Amino acid sequence: NKGKYEHYMQKEIHEQPESLTTTMRGRLIRGGSCKAKSVLLGGLKDHLRTIRRSRRIVFIGCGTSYNAALAARPILEELSGIPVTMEIASDLVDRQGPIYREDTTVFVSQSGETADTLQALEYALENGALCVGITNTVGSAIARHTHCGIHLNAGCEIGVASTKAYTSQIVVMAMLALAIGDDTISSQGRREAIIDGLFDLPNKVKEVLKLDEEMKDLAKLLIAEQSLLVFGRGYNYATALEGALKVKEVSLMHSEGILAGEMKHGPLALVDETLPIVVIATRDTCFSKQQSVIQQLHARKGRLIVMCSKGDAASVSVGGSCRVVEVPVVEDCLQPVINIVPLQLLAYHLTVLRGYNVDQPRNLAKSVTTQ
Ligand code: M6R
């Protein structure tokens, strides 16, 4: 049931304040006079000691689920102190890459039925790794075959383009990082700040959803373009990949997410006065580097659309020449949850304006159960 919305993708984008609330429900502990704020993940509590002792954490997924894991990787590395590596499921299987008994492998999948991810799971089980599942579908193959796991509780996602599952996946993996790091006194302040940020996140998502009309106007400007680049780095490298994936999969416009640190190693050659480029430059430790990227793209006459933190327009728009999208500020590791929303809205409006099927893009299936 689409309710007041025209399409499932639109409905699922707009219900993110609620889906995030249900993802966090009962899992965040507010703390009290003598009790610290903490996270409770029922499905994981018997395995946390093993995870903390593992030599490596390996995230495995496809498409949007892979991107969500990429967004969570920095905070997991920071709070756990354990090396975190990333695997696209099909590539791990193609390479028969090394997976060891001392590894914790984390399988991320909205449907829990993706063939490549399931095959990678079988492979990790054969190699003796601890297997953790993060899925949205209770009783799915990945939920059943992993040793333990966390459900997203984001509600059923119908649009082929994953939207609310993505933001819930990031939140679940941030909670996973908090739970693993829970025994480290030195990072308690940081963890409590993130927990406060999680409590406030649904309100901030409500706020960023108010950009709907602005993103529709932007879509009108971009409607006839051939291509759109999206530059991000740090916490928002994933936002660049995921924003580009949304645009290409539903609006059928070529789009590429680029790690801004790689700009001079090839992508800069594409920049001219015609190609539109989104640069994500919200406040975090990478901000000054992104300011410099903007200046260099501007020097090559790039058509820039800059996403920045509220109040930062003047600091990112060189000579007032860029189009600026201002978003609410949250804790740095949660910022990808906010930053993807305008790009989801852009992809949605571009698709509708270009006259394509937004809920069922050509050639794609919601769940990829064959290889
Ligand atoms: O169900 P899964 O999360 O395992 O699906 C993985 C990908 O097929 C999926 O995320 C795909 O990339 C989406 N259609 C992207 O919006």
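Small disclaimer: the values here were computed from a predicted structure and weren't measured. Residue numbers start at 1 and run along the sequence shown. Every number for a ligand or one of its atoms is a count from 1 in the order of the listing. No hydrogens, no waters, no symmetry mates; every other heavy atom, side chains included, goes into these values.
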Short N or O distance, Q110 and ligand 1, threshold 3.5 Å exclusive: yes

Atom indices of ligand 1, in the order listed, that fall short of 4.0 Å to a heavy atom of S65: 2 (P), 3 (O), 10 (O)

Shortest protein contact, atom 11 (C) of ligand 1 (heavy atom only): T64 N, 4.2 Å

Salt bridge present between D200 and K204 (N-O < 4.0 angstrom): yes

Atoms in ligand 1 with a heavy atom of C62 nearer than 4.0 Å: 6 (C), 7 (C), 10 (O)

Protein contact to atom 1 (O) of ligand 1 [nearest heavy atom, distance to 0.1 Å]: S111 OG, 2.7 Å

Side chain, backbone, both or neither: the part of K246 lying under 4.0 Å from ligand 1 by heavy atom: side chain

Nitrogen or oxygen of G112 less than 3.5 angstrom from that of ligand 1: no

Ionic contact status for K301 with D272, cut-off 4.0 Å: no

Numbering as shown, the atoms of ligand 1 that approach A161 to under 4.0 Å (heavy-atom distance): 16 (O)

Ionic contact status for E242 with K246, cut-off 4.0 Å: yes

R95 atom CZ, over 12 foreign heavy atoms within 6.0 Å: yes

Heavy atom of the protein closest to atom 2 (P) of ligand 1 (residue, atom name, distance): T114 OG1, 3.3 Å

Pairs satisfying salt bridge (Lys or Arg N to Asp or Glu O under 4.0 Å), at least one member in residues 48-61, at least two apart: R52-D183, R56-D103

Nearest protein heavy atom with distance in Å, relative to atom 16 (O) of ligand 1: E249 OE2, 2.3 Å

Heavy atom of the protein closest to atom 8 (O) of ligand 1 (residue, atom name, distance): V368 CG2, 4.0 Å

side-chain hydrogen bond (donor to acceptor under 3.5 Å, both in side chains), paired with R303, selected from E273, E225, H298: E225

Within one Ile-Leu-Val-Met-Phe-Trp-Tyr cluster: L343 and L259, side-chain cutoff 4.5 Å: yes

Which segment of E113 sits under 4.0 Å of ligand 1 when only heavy atoms are counted: neither

Pair E78 + R190, salt bridge at N-O below 4.0 Å: yes

